[in-house]
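Read through the structure below, which is laid out as structure tokens, and then see the notes.
Naming convention: chains lettered A, B, ... in sequence-line order (proteins, then strands); numbering from 1 in each chain. Note that the coordinates shown come from a computational prediction; the quantities given were computed from them, not determined experimentally.
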Number of protein chains: 2
Amino acid sequence: MSDADKGPARGRPRTMNAEQVLDVAMKAYWHSDPADVSVNTICQMAGISKPSLYREFGSEDGLSRAALERYADQVLAEMFVMLHGGQGLRGTLAALIDFASDDPRMETGCLFYKMRAGKHRLGRDTRARVEEIDATAQAAYAAFLQAARDAGEWPEGLSVAVGAKYLGEQIALAITQRASGEDPARIREMLTLALSVFTRP
Amino acid sequence: MSDADKGPARGRPRTMNAEQVLDVAMKAYWHSDPADVSVNTICQMAGISKPSLYREFGSEDGLSRAALERYADQVLAEMFVMLHGGQGLRGTLAALIDFASDDPRMETGCLFYKMRAGKHRLGRDTRARVEEIDATAQAAYAAFLQAARDAGEWPEGLSVAVGAKYLGEQIALAITQRASGEDPARIREMLTLALSVFTRP
DNA sequence: TCATTTTTATACTATCCGGTATTTTATGTC
DNA sequence: GACATAAAATACCGGATAGTATAAAAATGA
């Protein structure tokens, strides 16, 4: 409410569009690698000055955290929806396989997995958020698998916790392979093979 | 023969021991991350000056390539031996699982996999060597699996090429998880699960 | 003793990084 | 038009990087 005022009315009007800058940053981090994108290049790509960026985001950590947040809202949210889709074990796994191996947005990998892989290079806040998202994702996988188990679709001798971790890592692996230019058909084959352990006869 | 002369006899005698420097570099790259170790810190750790290092290795790329070569000789060679051990499919897979999930040398990960993961940050020669080793490893996995297939131990409907790639990636995943501090027992569980696709009843 | 050779040690360059101090510019208000 | 305000643009700072020019040191040969 306090910030929703139409215009500050005083001072030079801002030309910087925070949303657009964030979009540029998210895509830059996403399509290359968070560790290889400097604030300088982001300013250049977004056509703004460094002080403007720092006024808006405070620090590089603030910017990368905001970019990750945006990515979580725009992309990861969709994955979470898949897990609550209410299709059975096989149907949901098939959807995950489709997403990881053929969704065009994953062609250059996943920003979240890239950040997680280079966790130690991130700032404090961004790293904390990465760990938070990781825990959330693992919980979602576990809930999904638990539901399948409750429905009787579950191999003997496998704990839900290990299965959830395994499922998450296999998807991460598949998407990371997308980023390295691997043939999607082959990625699909390997991911299907890996996840076949959940649907053994 | 030309370089095997006992001593150059002229000039100030060198105090730098190339083997020892290479050992320091290899371990530094290995135990942290190739991209996070500068030539400055290696000089410091090895107690030598920068010009000495550059005279011996030419460039950072030359040093990292030499370090990778040493790693291949000292560590990777052992993995290749495992694949030609002549134990059956199950025996060799068990040995690989042991190595990836419990060998103390893999506690901080694998230098080769670390370099492969950050391939784009490497110099030209080092990157080329990484790709070479990658191809060699994949061929070794394929030969091992082909032998198992010839011996009749093979699941239907799986190509050796995909199986080899899959096997290699699962081992890389397990060892990478070691480096990130994951519980070895859990890594073993997941890797065993992943490789169970080769020994299905 | 003095010159030659080869390695070492020190100091330096150029570039990039994240972050900031300073100045300019564009607006609303009086 | 004069003034206050807030943003933008420019230029800068300190530090780290890969790589190098230069000088000092330690050996041999004469």
Hits for side chain to side chain contact (heavy atoms under 4.5 Å, CB included) against B:Glu156, two or more places apart or cross-chain, chain-then-number order -> none

Identify every side-chain donor-acceptor pair in residues 157-165 of chain A under 3.5 Å, counting partners at least two apart or on other chains, and give the distances.
residue  : atom : partner  : partner atom : Å
A:Ser159 : OG   : A:Val162 : N            : 3.1
A:Lys165 : NZ   : B:Glu182 : OE1          : 3.2

Would you mind reporting whether A:Ser196 and B:Arg200 have side-chain heavy atoms less than 4.5 Å apart? yes

Using distance only, find each side-chain donor-acceptor pair of residues 28-35 of chain A under 3.5 Å and give its atom names and separation, not counting sequence neighbours.
residue : atom : partner  : partner atom : Å
A:Trp30 : NE1  : A:Gly109 : O            : 2.6
A:His31 : ND1  : A:Thr108 : OG1          : 2.8
A:Asp33 : OD1  : A:Ala35  : N            : 3.1

Per-nt protein contacts along nucleotides 11-24 of chain C (heavy atom under 4.0 Å; B base, S backbone sugar-phosphate only, - none) come out as ------SBBBB---

Can you tell me if the side-chain N/O atoms of A:Arg10 get under 4.0 Å from OP1 or OP2 in C:dG28? no

Among residues two or more places apart or on two chains, list those pairs meeting ring pair (Phe, Tyr, Trp, His ring centres under 6.0 Å) that have a residue in residues 134-162 of chain B. B:Trp154-B:Phe198

Under 4.0 Å from OP1 or OP2 of D:dA8: is there any side-chain N or O of A:Ser49 that close? no

Using a heavy-atom distance cut-off of less than 4.0 Å, which residues of residues 20-35 of chain B contact DNA chain D? none

Listing request: all ring pair (Phe, Tyr, Trp, His ring centres under 6.0 Å) pairs with a residue in residues 111-138 of chain A, at least two apart in sequence or in separate chains. none

Would you give me the side-chain donor-acceptor pairs under 3.5 Å for residues 71-86 of chain A, sequence neighbours excluded?
residue : atom : partner  : partner atom : Å
A:Tyr71 : OH   : A:Leu111 : N            : 3.4
A:Glu78 : OE1  : A:Arg105 : NH1          : 3.2
A:Glu78 : OE1  : A:Arg105 : NH2          : 3.3
A:Glu78 : OE2  : A:Arg105 : NH2          : 2.6
A:His84 : ND1  : A:Phe80  : O            : 3.0

List in numerical order all residues of residues 117-126 of chain B for which some heavy atom is under 4.0 Å away from an atom belonging to DNA chain D. none

For B:Arg14, side chain to side chain contact (heavy atoms under 4.5 Å, CB included) partners two or more places apart: B:Arg55, B:Glu56

Does B:Ser49 have any side chain to side chain contact (heavy atoms under 4.5 Å, CB included) partners at least two apart in sequence or in another chain, and if so, which? B:Pro51, B:Ser52

Angle between the end axes of the helix from C:dT1-D:dA30 to C:dC30-D:dG1, five pairs per end, to the nearest 10 degrees? 30°

